[in-house]
A.B. asks: 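Would you mind keeping the following structure in view while I ask a few things?
Model, not experiment: these values are computed from the prediction.
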Amino acid sequence: MSKTPQAIRGTQDIFGPDAEAFAFVVETFERVRKLYRFRRVEMPVFEKTEVFARSIGETTDIVSKEMYSFEDRGGESLTLRPEFTAGIARAYLTNGWQQHAPLKVATHGPLFRYERPQKGRYRQFHQIDAEIIGAAEPQADVELLAMADQVIRELGIEGVTLHLNTLGDGDSREAWRAALVEYFGAVKGELSEDSQERLDKNPLRILDSKDPRDRKFVADAPKIDQFLSDDARAFFGAVTSGLDAAGVKWTRAESLVRGLDYYRHTAFEFIPDEGSAAAGALGSQSTILGGGRYDGLMESLGGHPTPAVGWAAGIERLAMLVGDKGEAPADVIVVVEDDSLMAAGVTTLGKLRAAGLTAEMIASGSPRKRFDKAVKVGALSIVGLSVRDGETNLRIKAEGDMADRVEAIVR
RNA sequence: GCGAUCGUAGCUCAGUUGGUUAGAGCGCCGGUUUGUGGUACCGGAGGUCGGGGGUUCGAGACCCCUCGAUCGCCCCA
């Protein structure tokens with residue numbers, strides 16, 4: 001007797017209503033993505049490790065401790081993708097997709113991060129993803145955000161707001177960063193232990209620290225707006241006025257930053273409003289969709305400077321917010337109440353399916369209980385096949401025109 | 001990587017200060033009843049109490065380790 005192997009920690013076997021909610025998210029995304037004319041791409045699940053290490057940033061937690069990396073049999077270091085953007089950027093460069101620029105692409109699938117699992121957070125998780133590559137104009141940001149907004153609305157998710165910020169261009173961002181280091185460095189002793197560490201590693205992150213010791217300094221911290229170049233300021237202005245024109249509601253979030261090194265200019269997250277049902281459902285995993293502009297990424301992979309914007313959203317998190325998506329009942333259940341009618345049951349089943357009705361058969365277990373079983377399952381109609389006085393008896397139980405439809409097919 | 005709570009049938013859970021063959025409801029299977037139908041009754045299968053070690057005459061209950069889940073922190077979608 002061998003023990004049954006367990007599922008890997010942080011992976012999920014999604015079934016039933018959860019699987020329906022998951023599929024609903026993907027189907028809605030696919031529909032909206034076509035409305036906006038984003039082209040579908042399928043990407044490899046693994047890449048050379050350097051694809052992620054060079055683009056995401058060697059010092060980020062994702063690269064330094066959360067990647068599933070391994071050597072293949074040829075001795076090459078490969079990594080299960082922890083995000084989509086880097087792989088899509090690599091594909092853009094290696095496949096000559098420049099010829100299609102500006103290129104709007106969308107995809108979805110599994111991602112892998114070695115993190116501690118918790119609510120709405122898994123080691124194998126799934127995202128929907130949209131990118132516009134080779135477009136420097138703020139209009140691209142607007143287009144991308146309008147699409148994100150529509151996806152969320154069509155999913156029926158309420159109480160979620162677009163939080164928007166700009167990180168400026170490379171120089172603005174560096175100047176801001178330096179100012180933050182100086183500002184927080186002066187009060188280092190009073191900051192939380194985590195933030196003291198963030199001071200050299202990731203100073204922007206002090207801004208969204210949850211620790212009250214940090215928060216009292218955050219309000220008066222230097223703002224990115226003080227460091228924006230005229231161009232960066234104009235760019236952000238164009239994005240915000242474009243969003244207004246598109247009817248996308250947003251709020252300025254001055255301390256919103258991105259975790260990955262490659263972001264420039266626009267940065268955004270869709271976050272549930274405090275106290276909303278959505279916020280309660282997600283626990284501490286508040287962001288349901290996040291992204292921004294990554295004009296510096298292509299260069300880090302050895303390509304020409306190429307402007308781009310993108311976002312990704314966790315399917316599991318979205319699925320938690322779309323409500324219960326029950327599995328649809330069958331149009332018809334064929335009940336074979338006597339084993340001698342098995343062939344007739346199979347034939348009937350075939351006719352129904354050929355006519356486009358969803359159908360399944362109940363023909364096992366105690367013959368007497370089969371009909372009750374069908375009633376319990378809850379189909380729109382039930383076709384019962386039984387033997388009465390030596391004759392085959394066909395009985396249809398259904399409401400209204402469904403009865404007529406089924407009648408016409410099976411008689 | 002850090003902290004807290006939890007882990008008993010397929011599911012939801014009982015299980016008294018450690019004390020005989022570990023229980024219930026639902027679900028599943030079978031029988032009877034009803035007989036154009038979601039009834040009722042009876043019976044059955046299914047658990048080495050997450051795994052390993054320890055304390056004890058005796059552990060599902062106590063201790064240690066481990067695996068997993070949940071909720072936070074870090075980080076992030």
Side-chain angles (χ1 to χ4, degrees), chain A residues 1 3-13 15-16 25 56-57 59-67 81-85 108-130 148 152 160 192-198 201-202 204-206 208-211 214 256-260 263 268-272 280 282-292 310-321 333 335 337 364-379 382-386 388 393-398:
Chain A
M1 289 272 277
K3 277 184 204 148
T4 305
Q6 291 184 311
I8 305 294
R9 171 169 223 198
T11 63
Q12 321 167 75
D13 303 308
F15 177 77
V25 171
I56 295 172
T59 61
T60 59
D61 276 18
I62 291 182
V63 170
S64 61
K65 47 192 190 200
E66 295 179 1
M67 295 204 303
R81 62 185 180 196
E83 59 138 29
F84 278 117
T85 306
H108 66 84
L111 294 304
F112 305 85
R113 253 123 91 161
Y114 191 85
E115 293 184 280
R116 188 76 178 261
Q118 54 186 273
K119 189 175 204 172
R121 188 163 156 175
Y122 306 92
R123 288 184 173 179
Q124 177 179 335
F125 60 104
H126 303 78
Q127 288 185 343
I128 52 179
D129 179 279
I152 288 171
V160 170
S192 67
E193 297 75 18
D194 283 335
S195 285
Q196 294 189 23
E197 225 173 280
R198 279 190 276 237
K201 272 185 59 188
N202 205 355
L204 306 198
R205 278 288 170 189
I206 299 175
D208 53 15
S209 168
K210 291 165 187 162
D211 195 301
D214 302 329
L256 186 151
V257 297
R258 302 270 70 209
L260 281 36
Y263 284 106
F268 54 85
E269 294 180 7
F270 282 78
I271 301 175
L282 286 170
S284 68
Q285 312 302 319
S286 52
T287 301
I288 60 171
L289 184 154
W311 60 254
I315 297 177
E316 288 88 348
R317 291 186 192 173
L318 292 171
M320 284 192 278
L321 302 180
I333 291 187
V335 182
E337 297 191 77
S364 64
S366 169
R368 296 184 154 189
K369 290 185 176 169
R370 290 178 192 173
F371 198 94
D372 285 352
K373 217 189 276 184
V375 171
K376 249 186 187 171
V377 168
I382 300 173
V383 174
L385 295 170
S386 58
R388 271 262 194 279
N393 181 272
L394 189 150
R395 175 99 196 160
I396 298 169
K397 175 184 160 72

A.B. asks: From the options B:G38, B:G72, B:A77, select the nucleotide whose nearest atom is closest to the side chain of A:Lys119.
C.D. replies: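 Closest of the options to the side chain of A:Lys119: B:G72.
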A.B. asks: Between B:G37, B:C73, B:C75, which one does the side chain of A:Glu66 approach most closely?
C.D. replies: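 Nearest to the side-chain atoms of A:Glu66, counting from C-beta on, is B:C75.
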A.B. asks: Counting side-chain heavy atoms from CB outward, which of B:C75, B:G68, B:C74 is closest to A:Arg9?
C.D. replies: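 So the nucleotide nearest the side chain must be B:G68.
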A.B. asks: How far does the C1' atom of B:U48 sit from the matching atom of B:U21, given to the nearest Å?
C.D. replies: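 Looking at atom C1' only, B:U48 and B:U21 are 15 Å apart.
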A.B. asks: Could you please spell out the steps behind the side chain to side chain contact (heavy atoms under 4.5 Å, CB included) verdict for A:Met67 and A:Val63?
C.D. replies: CA-CA 6 Å; A:Met67 295 204 303; A:Val63 170; 4.1 Å; yes
A.B. asks: Of the candidate nucleotides B:G38, B:C74, B:G37, which contains the atom at the shortest distance from the side chain of A:Val375?
C.D. replies: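 Nearest listed nucleotide: B:G38.
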A.B. asks: Salt bridge or not for A:Asp208 and A:Arg198, using N-O below 4.0 Å?
C.D. replies: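 Looking at A:Asp208 and A:Arg198, the cut-off is not met.
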A.B. asks: Is the shortest side-chain N/O distance from A:Lys373 to OP1 or OP2 of B:C29 below 4.0 Å?
C.D. replies: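 Affirmative; the distance criterion is met.
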A.B. asks: Please measure how far the C1' atom in B:C76 lies from the corresponding atom in B:A59, and state the result in whole Å.
C.D. replies: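 Comparing C1' positions in B:C76 and B:A59 gives a spacing of 43 Å.
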A.B. asks: Looking at A:Lys376, does any N or O in its side chain come under 4.0 Å of the phosphate oxygens OP1/OP2 on B:G27?
C.D. replies: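 Answer is yes, contact under 4.0 Å.
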A.B. asks: Does the distance from a Lys or Arg side-chain N to an Asp or Glu carboxylate O, for A:Glu83 and A:Arg113, drop under 4.0 Å?
C.D. replies: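 Judged by the 4.0 Å cut-off on N to carboxylate O distance, A:Glu83 and A:Arg113 do not form a salt bridge.
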A.B. asks: For B:C29, does OP1 or OP2 lie under 4.0 Å from any side-chain N or O of A:Ser366?
C.D. replies: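 Indeed not, no polar side-chain atom of A:Ser366 lies that close.
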A.B. asks: Using atom P in both nucleotides, what's the gap between B:A22 and B:G51 to the nearest angstrom?
C.D. replies: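 Each nucleotide's P atom is 16 Å from the other's.
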A.B. asks: Would you mind pulling out the nucleotide paired to B:U12, Watson-Crick or G-U wobble, both distances under 3.5 Å?
C.D. replies: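 Its partner is B:A24.
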A.B. asks: Paired with B:U36 by Watson-Crick or G-U wobble geometry, both distances under 3.5 Å: which nucleotide is it?
C.D. replies: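 Paired with no nucleotide.
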A.B. asks: So does A:Arg368 get a side-chain nitrogen or oxygen closer than 4.0 Å to the phosphate oxygens (OP1/OP2) of B:U33?
C.D. replies: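 Indeed, a polar side-chain atom of A:Arg368 lies that close.
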A.B. asks: Go through the N and O atoms of the side chain of A:Arg113 and the base of B:A77, and report whether any donor-acceptor pair is under 3.5 Å.
C.D. replies: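 Checked by distance alone, the answer is yes.
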A.B. asks: Do the side chain of A:Arg205 and the base of B:C74 come within less than 3.5 angstrom through a donor-acceptor pair of N or O atoms?
C.D. replies: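 Answer no: no donor N or O sits under 3.5 Å from an acceptor.
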A.B. asks: Is the shortest side-chain N/O distance from A:Lys210 to OP1 or OP2 of B:C73 below 4.0 Å?
C.D. replies: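 A:Lys210 to B:C73 OP1/OP2: side-chain N or O found under 4.0 Å.
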